[in-house]
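Following: one structure in structure tokens, then a few remarks.
The basis for the numbers below is simple: all heavy atoms, side chains too, and nothing from hydrogens, waters or symmetry mates. This is a predicted model, so every value here is computed, not measured. In what follows, residues are counted from 1 in the order of the sequence shown.
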Amino acid sequence: MKSKYASLFRLLWLAVCLGFVSPTFAQQNYPPSETITYRDLEGTTSTLRAFSGRHVRYALPEGWLDASGTQGLSATEVATLIDRTDAVYGEFKELTGGEPRGDGLMIIAVVPSAGEGAVQGTAVIGVKTCEIAASQLTATKAALAQSTLSDTLLHEVAHTFDLYRNYLSYYPDSSHSWTEFWIPYIQYLLRMGGYGTAPEVTLQEKIYNFTTRWDARASADSWSQCVKAGNGCEGVTANGATAGLLMRYARLHGQQAVGRVFQFYKTYK
């Protein structure tokens with residue numbers, strides 16, 4: 001009799017549990033989160049769900065979340081997004097010898113419009129703040145499917161780690177030579193995306209694309225004409241030339257040498 005009543009009790013308990021399953025039960029597999037009110041760089045406030053990793057904290061709108069992964073990010077995609085961005089942050093921290101200003105985790109918020117002109121993303125240089133436009137959902141999912149992060153995400157995180165911009169170049173848009181270098185190089189270091197199969201070959205192809213027009217000039221005064229003032233010339237852009245030469249140096253001398261370069265800049269600064 002005891003066994004009979006125990007079985008009956010288990011059936012009744014199961015029925016009760018099934019009767020009270022929440023419609024959002026599927027979302028319980030998402031990483032732990034909390035609802036926050038976020039004020040973006042344009043002064044607009046929105047309600048977002050914040051997911052925290054080791055180094056970064058993503059603040060995502062409900063429209064970016066879909067347990068099925070069809071209309072938004074699945075639980076697995078959110079976890080992967082956090083893990084990959086944590087890895088990128090850790091690599092930046094190690095190589096540059098520092099972190100952006102600000103307490104706690106780096107905030108990466110998805111906002112309706114990231115900056116003037118509905119740009120894809122924006123960041124505060126040297127500060128733990130990034131914003132990504134809500135329209136970047138498709139690009140974010142596509143990058144995750146290719147085992148990497150979107151160029152927009154990498155671009156904005158790189159801006160936050162631009163700790164030495166006033167010591168590397170002086171023309172107005174020089175901060176984008178920094179991002180042009182780091183978007184491919186950080187993927188190479190972490191073997192993300194196209195750098196997962198043949199990283200050395202892929203890096204060499206990227207360097208060639210950056211430097212082939214520069215090499216073709218073969219002129220001693222090209223640096224002052226094309227790069228130093230930020231003007232560019234004959235198919236050479238100042239940002240591309242700077243990024244290409246940095247990548248060439250990194251490939252020839254290795255990751256540790258890159259770290260020593262930034263240690264020099266840290267001491268010099």
Drop me the distance from [X]'s [atom1] to [Y]'s [atom2], to the nearest 0.5 angstrom.
X	Y	atom1	atom2	answer
Gln187	Gln146	CD	CD	9.5 Å
Gln120	Ile132	CD	CD1	9.0 Å
Asn29	Thr76	CG	OG1	8.0 Å
Thr148	Met192	OG1	CE	4.0 Å
Thr152	Glu131	OG1	CD	13.5 Å
Ile207	Leu246	CD1	CG	10.5 Å

Any link between [X] and [Y] through a network of hydrophobic side chains (Ile, Leu, Val, Met, Phe, Trp, Tyr) touching at under 4.5 Å?
X	Y	answer
Met247	Tyr249	yes
Val127	Leu41	yes
Val261	Tyr164	yes

I'd like to know if the side chain of [X] reaches the main chain of [Y], judged simply by a donor and an acceptor atom lying under 3.5 Å from each other, with no hydrogens or angles considered.
X	Y	answer
Lys141	Gly69	yes
Lys266	Gly97	yes
Arg84	Leu144	yes
Thr237	Gly240	yes
Thr70	Asp66	no
Glu77	Ser74	yes
Thr212	Tyr208	no
Asn209	Glu205	yes
Asp86	His55	yes

Would you check if [X] and [Y] make a side-chain contact, meaning some heavy-atom pair closer than 4.5 Å?
X	Y	answer
Tyr195	Leu189	no
Tyr38	Val111	yes
Asp215	Arg248	yes
Thr37	Ser46	no
Thr129	Thr122	no
Thr35	Leu48	no
Ser147	Arg191	no
Trp214	Leu245	yes

- Item | Audit row: Thr47, Ile36, side chain to side chain contact (heavy atoms under 4.5 Å, CB included) steps and yes/no | CA-CA 6 Å; Thr47 301; Ile36 66 170; over 6 Å; no

- Message: Parallel, tilted or perpendicular, judged at 30° and 60°: which one describes the rings of Tyr30 and Phe51?
- Response: tilted

- Item | Ring geometry between Tyr265 and Tyr268 (parallel below 30°, tilted from 30 to 60°, perpendicular above 60°) |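 It falls in the perpendicular class, over 60°.
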
- Message: Is there a side chain to side chain contact (heavy atoms under 4.5 Å, CB included) between Thr44 and Arg39? Walk through the geometry before answering.
- Response: CA-CA 5 Å; Thr44 304; Arg39 183 181 178 89; over 6 Å; no

- Leu105/Val56 under side chain to side chain contact (heavy atoms under 4.5 Å, CB included): CA gap, chis, key distance, verdict: CA-CA 5 Å; Leu105 303 176; Val56 303; 5.8 Å; no

Can a donor-acceptor pair be found between the side chains of [X] and [Y] at a distance below 3.5 Å?
X	Y	answer
Arg49	Ser33	yes
Tyr171	Asn239	yes
Arg57	Ser52	yes

Nearest heavy atoms of [X] and [Y], plus distance in Å:
X	Y	result
Glu200	Tyr188	OE2-OH, 2.6 Å
Arg101	Ile125	NH2-O, 4.3 Å
Leu95	Phe262	O-CB, 3.3 Å
Thr160	Cys130	CG2-SG, 3.4 Å
Ala250	Val258	CB-CG2, 3.6 Å
Lys128	Pro100	CE-O, 3.5 Å

Distance-only donor-acceptor pairs under 3.5 Å for side chains of residues 175-185, two or more places apart:
residue	atom	partner	partner atom	Å
His176	ND1	Asp173	OD1	2.6
His176	NE2	His155	NE2	3.4
His176	NE2	His159	NE2	3.3
Ser177	OG	Ser174	O	2.6
Trp178	NE1	Ala158	O	2.9
Thr179	OG1	His176	O	3.1

- Task: Could you walk me through whether Glu94 and Gln255 pass side chain to side chain donor-acceptor pair (under 3.5 Å), step by step?
- Result: CA-CA 10 Å; Glu94 180 179 348; Gln255 180 178 348; 4.7 Å; no

- Ring-face cation contact, Phe210 with Lys206, 6.0 Å cut, 45° max: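 Yes, a cation-pi geometry.
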
- Task: Show your reasoning for whether side chain to side chain contact (heavy atoms under 4.5 Å, CB included) applies to Ile186 and Leu149.
- Result: CA-CA 10 Å; Ile186 204 76; Leu149 297 173; over 6 Å; no

- Task: Inspect the surroundings of NZ in Lys93 and state if more than 12 heavy atoms from other residues, nucleotides or ligands are less than 6.0 Å away.
- Result: no

- Should we say atom CD of Gln204 is surrounded by more than 12 heavy atoms from elsewhere, each under 6.0 Å from it? yes

- Is any NZ, NE, NH1 or NH2 atom of the basic residue among Arg217 and Glu234 found under 4.0 Å from an Asp or Glu carboxylate oxygen of the other? yes

